[in-house]
Structure formats: C-alpha cells, structure tokens
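Beneath this line is the structure, given in structure tokens, with notes to follow.
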Amino acid sequence: MSDSDITTTARDFIREAIAEDLSNGRFDGRFQTRFPPEPNGYLHVGHAKAIGLNFEVAAEFGGHCNLRFDDTNPLKEEQEFVDAQIADISWLGYEPASVLYTSDYFGQLYEWALQLIESGHAYVDDLSQEEIRAYRGTLTEPGTESPYRNRSVEENLDLFKRMKAGEFPDGAKVLRAKIDMSSPNVNLRDPVMYRIRHASHQRTGDDWCIYPMYDWAHGQSDSIEGVTHSLCSLEYLNHRPLYDWYLDSLEVYHPRQIEFAKLEFTYTVTSKRRLMRLVEEDRVAGWDDPRMPTLAGQRRRGVPAKALRDLCEHVGIARTNSTVEIELLDHFIRQELNRTAMRVMGVLDPLPVVITNYPEGETEWVEAVNNPEDEDAGSRTIPFSRNLLIERDDFMEDPPRKFFRLAPGREVRLRWGYFIRCEEVIKNDRGEVVALHCSYDPDTKGGYAPDGRKVRGTIHWVSADHAVPAEVRLYDRLFNVEDPFDVPEGQDFMASLSPDSLSVQNEVQLEPSVRELAVGQTVQFERKGYFCLDPDSADDNLVFNRTITLRDTWARIQSQTRRKGKGRR
RNA sequence: UGGGGGAUAGUUUAAUCGGCAAAACACCUGACUCUGGAUCAGGCGUUCGGGGUUCGAAUCCCUGUCCCCCAGCCA
C-alpha cells in the first residue's frame with residue numbers, strides 16, 4: 001500500500017493523523033498503540049470502542065497493540081479485575097502483542113523522578129492535602145506557590161529518598177513537578193507526581209510505599225514501550241500539555257497523544273465507579289449479570305462480540321460527545337444472531353393442547369430447518385404427539401381483529417408440523433382456560449395443505465411428552481429512562497433503576513434438541529427471541545438468558561390500537 | 001474576559017482543495033413469507049443563530065448562542 005492509499009482510506013481524524021505521521025516518517029515508520037485500563041473494575045461496552053480502535057489501527061497500519069494495565073493505585077486495584085479484563089478483550093476478538101504493567105516501570109519512574117529533582121523540575125512538598133487544594137487557586141484565580149517550593153536540590157533528594165524508604169506516614173509529603181502555579185490550565189499548577197501510600201500492591205507487594213500519579217506514569221510508560229500513538233478519551237485533552245512537559249523535561253522518546261470521544265449509550269451508565277455501586281449494593285447479581293453493560297455481562301447474556309465490533313465500526317471515531325441509542329446495539333445483535341443462531345422451539349408460558357384425533361401413545365418425528373438464513377446449518381427432527389404445549393398468548397377465546405393465531409373454530413399451522421383446528425376450550429371452575437382440544441389434518445404434515453388452503457397463523461409448540469423443562473430469565477433494560485441521570489432533585493441515578501429488569505419463567509418447556517447446547521451458546525426460540533444457555537445450568541436444570549426479543553410487529557399493533565382506543569374516548 | 005474541546009435528520013456518523021447535503025438506526029406505508037422473524041420497495045425529516053466573502057458555503061471570515069471537560073495525594 002502506498003502512502004497516498006493510506007491517506008485516502010483514512011476513515012476518521014485519528015487514522016488521518018496516523019497516516020500523515022507515517023508518511024512523514026515522524027516515528028521512523030514505526031507504529032504502536034496500547035490499550036491501558038486500570039484494573040479497578042470490569043470493562044464495559046464503552047471500552048469496546050477504545051479497544052477496537054487501538055487494536056484495529058495497529059493491524060491496519062502494520063503495527064502492534066499491547067495491553068498495559070495502568071496499575072498505579074493499589075487501593076483500588078485487584079487481580080480479579082486484571083484477569084477479567086484480559087478475558088474480556090480476548091472475547092471481543094483481540095489479542096494483545098504483550099500484556100504489560102505500569103508497575104513494572106516503578107523503578108525507572110523513580111529514577112526519572114530523581115532526575116527531575118536534580119534538574120530543578122520537582123520538589124518535595126509538606127503541605128497537607130487541604131492546603132495543596134487551597135494553594136492551587138480556582139478555575140478563575142491563579143494559585144500560590146508552596147512555601148516548600150524552593151527547597152534545595154539536596155534537601156529534595158534527601159526527602160524524596162526518605163519518602164521511598166518509608167520514613168513518613170501517608171499524606172505527610174508529596175513530590176510535585178515545579179511548573180507554573182498561575183497556569184490557566186490547572187493541571188500545570190505543580191501537579192503531584194508521587195503520593196505516600198503504605199499499601200500492598202497486587203503485583204509489587206510491599207516493595208513500594210510511594211506510588212506514581214497517572215500523569216507522571218502514563219506518558220513515561222508509553223515512552224518506555226515505544227508507543228507511537230497514545231489514543232485516549234477527550235477528558236485527557238487538558239492533560240496533554242503535562243504529558244508533553246514530562247517527556248520534554250526528561251528528554252526521552254516522545255509519543256503522540258490523540259484524544260477522541262468515548263462511547264455512551266442510552267438507558268445505561270458506563271462508569272466503573274457506578275457499575276461498582278450496582279454490584280456492591282446488590283442491585284444486580286454481579287459484574288457479569290446479563291443486565292450489566294459490562295463485556296462480561298453482555299457475553300453472559302448472549303450478545304455476540306461481532307455485534308459490538310460492528311457497532312463500533314458504524315459509530316466511528318469523532319471528537320463530539322455522543323450518546324448512541326441502545327436500539328442501535330439491539331440492531332447489530334439481531335443482525336448477527338439472525339445470521340448465525342440455530343432455531344429451536346420452546347414454549348415460555350405453556351397451554352396444553354390435546355390433538356383428539358391423534359392416536360394415544362404414538363410419536364412421529366417431523367423435520368425442522370435449523371436456520372433459514374443459513375442452508376449449511378441443516379435440519380433436525382422434532383417429536384410430535386397427541387399431547388402438545390403451545391404459548392398461552394397464541395390463543396384467544398375472543399380474538400380482536402388482526403389476531404391471526406388460534407381461537408375457537410379457527411385453524412393454524414404448527415410450525416414444521418400439521419394444521420390444527422381448535423374444537424373445544426377446556427376451563428376450570430374459575431373460568432380460566434386450562435387446555436384446548438384440537439383436531440389435526442393428517443394431510444398437512446410438514447405444514448403444507450395439499451388442497452392449497454392457507455392459514456394466517458403459524459405458531460410454535462412442543463410435544464409435552466418429550467419436552468425438556470427449563471428456567472428462562474427475561475431481561476429488560478436496567479434503567480427505565482433514556483438518561484439515568486435525569487432524576488428529581490436530591491436523587492441520583494439509582495432512582496432510575498427499573499423494578500422490572502428481570503423476570504423469571506419457571507414453566508418453560510423446550511424441544512429435546514436443546515440438550516445438545518453448550519453453555520454460552522445462543523439460539524433463537526422461534527417467534528420469541530434469542531436465548532443463551534447460562535453457566536448456572538445443570539444437566540437436570542437448564543437455565544437460559546434472554547439475549548433480546550425478536551422485532552415484534554404484533555406488539556406494536558396492539559399498543560397502537562390501545563393508543564387509538566384511548567384517544568377516541 | 002480562567003483555560004480547553006465541540007455543534008450536520010429523533011440518534012450516530014458521511015460529504016476529496018468551496019461544487020447536487022447522504023447512510024445506518026428509529027419511525028410510518030406497502031409487498032412477500034411455514035417465525036406477526038427475516039427480506040424487499042417506498043415515505044418521513046438535516047447543516048446551532050445572525051452577518052459577510054463567493055457564480056456557488058456544512059466547509060472560509062466575523063459575531064452570537066448552546067453543550068462538554070478541568071480546581072483528586074483517582075485514572
């Protein structure tokens with residue numbers, strides 16, 4: 001590929017910048033990125049954008065992308081999160097060239113801090129946290145210099161070494177960069193480089209009691225690794241001058257930071273802090289609860305990684321803050337699953353049907369197509385017998401107009417089976433429908449009538465004698481408003497939590513072929529939606545999560561007529 | 001008169017050096033269908049406001065408005 005090809009195929013401003021740097025020879029033709037999460041929580045759908053961008057540009061421009069854990073704060077980080085993040089990235093479909101840790105650079109970072117002290121660019125400050133805040137000034141007023149700002153190099157060196165040696169308690173001192181207390185960019189008002197934290201780190205144990213701040217660690221880590229383009233979110237724009245300042249002051253290799261907008265969605269929150277609250281306050285079953293926007297949650301729900309990748313590609317890279325409608329993700333999930341998921345029949349809310357003219361005790365096997373979108377998926381057989389189960393809402397005793405399903409005297413097709421006609425409605429003492437007596441037409445096997453007569457409705461069913469019971473967890477949106485932060489005065493996003501985000505169906509009956517399913521596999525229950533076999537399943541107790549419903553035109557018709565009816569009154 | 005970033009259909013994005021404003025989702029019609037699924041056809045609707053330059057402006061200039069980020073010893 002020639003340079004001009006690279007430029008003309010650039011799809012966004014970041015790819016343009018990369019192409020330009022590459023053709024200028026700015027980084028000697030080298031190209032390298034990194035995805036740098038802090039292991040303080042689980043990765044979520046918003047991260048998919050940054051992950052995809054970093055890994056995909058690396059592949060496109062012939063470079064590589066590392067995973068680097070930005071593990072500079074032992075108070076918040078855990079090995080569990082490291083492991084989970086590695087698994088999630090792999091599930092998304094990307095493989096880091098290397099897995100690296102900022103904590104591996106603590107030694108080098110310390111040496112560089114000494115260097116900055118020696119060159120007069122850093123000092124030890126005894127001010128308390130509150131004092132430092134007060135001295136920093138405000139957004140509109142300049143700060144004031146610390147009384148400790150002009151200590152001698154010798155004193156700073158001595159103090160900093162003693163900080164590292166553990167001579168001082170937490171918070172007693174910090175190392176600060178000496179930049180400009182009156183800078184209009186508050187990040188440049190002598191930012192803290194090191195704080196004292198007598199805490200064990202998940203990787204370095206008790207080797208250190210001083211830990212570097214993000215700004216001091218990040219650019220230098222990029223530099224050590226040879227990253228060429230350090231891609232990060234918009235909030236770091238204000239930090240770029242500092243990123244550049246440290247690298248320039250150290251006179252080391254200097255990568256280029258470029259910022260882009262994060263990905264956010266309606267009807268959810270994406271911030272590790274808030275997701276943490278949902279988990280800790282038991283509003284969900286854990287980080288991988290299928291209602292969670294975490295990658296682990298989405299995976300468990302049955303969302304294909306491809307859907308997330310497709311969405312990110314569609315959304316693109318820009319500098320505009322944006323909130324994508326969750327319906328767009330739904331679209332990509334359905335698009336992918338429609339193509340790939342095997343079809344299966346399952347009745348969520350069963351109503352017994354007796355085929356009165358079908359011989360008792362007899363079973364025959366009908367052929368069913370596995371996936372009409374994929375010829376190679378083949379077919380399977382399903383047992384048919386006298387005792388069937390159909391979906392309760394596929395029958396109405398007194399059907400409204402436009403209801404095409406079963407009703408007294410009416411004929412429908414059992415998918416892949418026979419035409420049946422409802423002859424009798426059986427009720428209990430309370431007048432509730434408990435069963436249907438139907439007749440079948442033996443000439444319609446496979447679903448075709450030799451006389452060419454048509455039926456409006458085709459419904460799914462299972463043979464009661466052969467069905468496999470299961471538990472199905474139906475998920476709805478975790479939050480019931482587009483913007484969870486849109487709450488009354490004095491309340492927070494937790495108030496937007498939907499009370500109905502999970503309902504469990506325990507009476508579900510499925511066709512026998514579901515016994516072959518693997519945990520994590522997503523199939524379509526015909527006419528109902530996509531469902532994923534959950535790890536909670538046991539041999540005698542299958543558990544499915546509903547990934548997403550099918551598009552439901554009937555539901556729309558119903559809500560429309562309901563609306564119209566109301567309007568007339 | 002703190003600094004920085006941003007604004008194109010309901011949403012997210014395109015639009016080569018200033019040259020016909022477009023796609024997907026969503027929504028609405030209709031066709032087709034052994035999933036009220038899928039598919040197909042059609043419809044809806046857009047350059048933040050006001051000036052200016054120009055034959056021609058989403059794009060350039062001036063001006064105004066609105067939104068986002070920053071005052072952690074978080075990242």
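Every heavy atom of this structure was used, including side-chain atoms; hydrogens, water molecules and symmetry mates were not. Here is how names work: the chains are called A, B, and so on, in the same order as the sequence lines, proteins then strands, and each is numbered from 1.
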Taking the six-membered ring for Trp, are A:Tyr246 and A:Trp216 closer than 6.0 Å centroid to centroid?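 Ring centres of A:Trp216 and A:Tyr246 closer than 6.0 Å.
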
Measure centre to centre between the rings of A:Phe525 and A:Phe531, then say whether the value is under 6.0 Å.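 Close enough - the centres of the two rings lie under 6.0 Å apart.
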
On a whole-Å scale, what distance lies between the [atom1] atoms belonging to [N] and [M]?
N: B:rU46; M: B:rA38; atom1: P; answer: 28 Å
N: B:rC55; M: B:rC40; atom1: C1'; answer: 43 Å
N: B:rG30; M: B:rU65; atom1: C1'; answer: 44 Å
N: B:rG56; M: B:rA21; atom1: P; answer: 14 Å
N: B:rA14; M: B:rC25; atom1: C1'; answer: 15 Å
N: B:rG18; M: B:rA75; atom1: C1'; answer: 43 Å
N: B:rU53; M: B:rU63; atom1: C1'; answer: 15 Å
N: B:rG2; M: B:rA58; atom1: C1'; answer: 31 Å

Considering every strand and a 4.0 Å limit on heavy-atom distances, what is the contact class for [X]: base, sugar-phosphate, or nothing?
X: A:Arg197; answer: sugar-phosphate
X: A:Thr266; answer: nothing
X: A:Val174; answer: base
X: A:Ile132; answer: base
X: A:Leu237; answer: sugar-phosphate
X: A:Arg334; answer: nothing
X: A:Ser183; answer: nothing
X: A:Gly316; answer: nothing
X: A:Pro37; answer: nothing
X: A:Arg136; answer: sugar-phosphate
X: A:Glu38; answer: sugar-phosphate
X: A:Ile317; answer: sugar-phosphate

Listed nucleotide nearest any side-chain atom of [X], set [options]:
X: A:Asn338; options: B:rA38, B:rC25, B:rG3; result: B:rA38
X: A:Lys402; options: B:rC74, B:rG36, B:rG37; result: B:rG36
X: A:Glu235; options: B:rC70, B:rC69, B:rU35; result: B:rC69
X: A:Leu550; options: B:rU35, B:rC27, B:rC68; result: B:rU35
X: A:Arg551; options: B:rG36, B:rC27, B:rA71; result: B:rC27
X: A:His331; options: B:rG37, B:rC25, B:rU12; result: B:rC25
X: A:Thr140; options: B:rG2, B:rC25, B:rA75; result: B:rG2
X: A:Thr553; options: B:rC74, B:rA71, B:rG36; result: B:rG36
X: A:Ser322; options: B:rU12, B:rA7, B:rG36; result: B:rU12

Write down the distance between [atom1] ([X]) and [atom2] ([N]), rounded to a whole number of angstrom.
X: A:Asp190; N: B:rG72; atom1: CG; atom2: P; answer: 14 Å
X: A:Glu482; N: B:rA26; atom1: CD; atom2: P; answer: 14 Å
X: A:Arg319; N: B:rU12; atom1: CZ; atom2: P; answer: 18 Å

Look at the side chain of [X] and the base of [N], then say whether one donor and one acceptor between them are separated by less than 3.5 Å.
X: A:Asn238; N: B:rG3; result: yes
X: A:Gln524; N: B:rU35; result: yes
X: A:Arg405; N: B:rG36; result: yes
X: A:His314; N: B:rA14; result: no
X: A:Glu325; N: B:rG10; result: yes
X: A:Glu373; N: B:rG37; result: yes
X: A:Asn73; N: B:rC74; result: no

Output, in order, the C-alpha distance, side-chain angles, deciding distance and verdict of salt bridge (Lys or Arg N to Asp or Glu O under 4.0 Å) for A:Glu225 and A:Arg68. CA-CA 10 Å; A:Glu225 293 169 3; A:Arg68 180 178 76 234; 2.9 Å; yes

Mapping A:Lys49 and A:Asp125 onto RNA chain B by nearest heavy atom, which one lands closer to the 5' end?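 The residue closer to the strand's 5' end, by nearest nucleotide, is A:Lys49.
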
Show your working on side chain to side chain donor-acceptor pair (under 3.5 Å) between A:Ser223 and A:Gln220 and close with a plain yes or no. CA-CA 5 Å; A:Ser223 178; A:Gln220 283 63 259; over 6 Å; no

With [X] as the cation and [Y] as the aromatic partner, state whether NZ or CZ is under 6.0 Å from the six-membered ring centre and within 45° of the axis.
X: A:Arg274; Y: A:Phe493; answer: yes
X: A:Lys164; Y: A:Tyr110; answer: yes
X: A:Arg197; Y: A:Tyr211; answer: no

Between residues 450-460 of chain A and RNA chain B, which residues have a heavy-atom gap below 4.0 Å?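 The stretch gives A:Thr458 as the residues lying under 4.0 Å from the strand, ordered by number.
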
Answer yes or no: is there an ion pair linking A:Asp394 with A:Arg527, defined by an N-O contact shorter than 4.0 Å?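 Salt bridge present between A:Asp394 and A:Arg527.
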
Does B:rG2 have a Watson-Crick or wobble partner in any strand here, with both distances under 3.5 angstrom, and which is it?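 Its partner is B:rC70.
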
Identify the residue among A:Phe81, A:Tyr101, A:Phe35 that makes a ring-ring contact (aromatic ring centres under 6.0 Å, His included) with A:Phe69.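 Single pass found, and it is A:Tyr101.
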
Assigned chi class of B:rC17 under the 90° convention is syn

Taking O4'-C1'-N9-C4 for purines and O4'-C1'-N1-C2 for pyrimidines, is B:rG6 syn (within 90° of 0) or anti?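 The base of B:rG6 is oriented anti (glycosidic angle more than 90° from 0).
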
A:Tyr243-A:Gln257 side chain donor-acceptor pair, cut-off 3.5 Å: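 Side-chain D/A pair, A:Tyr243 to A:Gln257: absent.
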
A:Glu511: partners by side-chain hydrogen bond (donor to acceptor under 3.5 Å, both in side chains), with sequence neighbours left out: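 A:Glu511: side-chain hydrogen bond (donor to acceptor under 3.5 Å, both in side chains) contacts with A:Arg380, A:Ser513.
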
Within a reach of under 6.0 Å around CD of A:Glu130, are more than 12 heavy atoms found that belong to other residues, nucleotides or ligands?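 Yes, because the 6.0 Å sphere around CD of A:Glu130 holds more than 12 heavy atoms from other groups.
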
Is the ring centre of A:Trp554 under 5.5 Å from the base ring centre of B:rG36, and are the two planes under 30° apart, so that they stack? yes

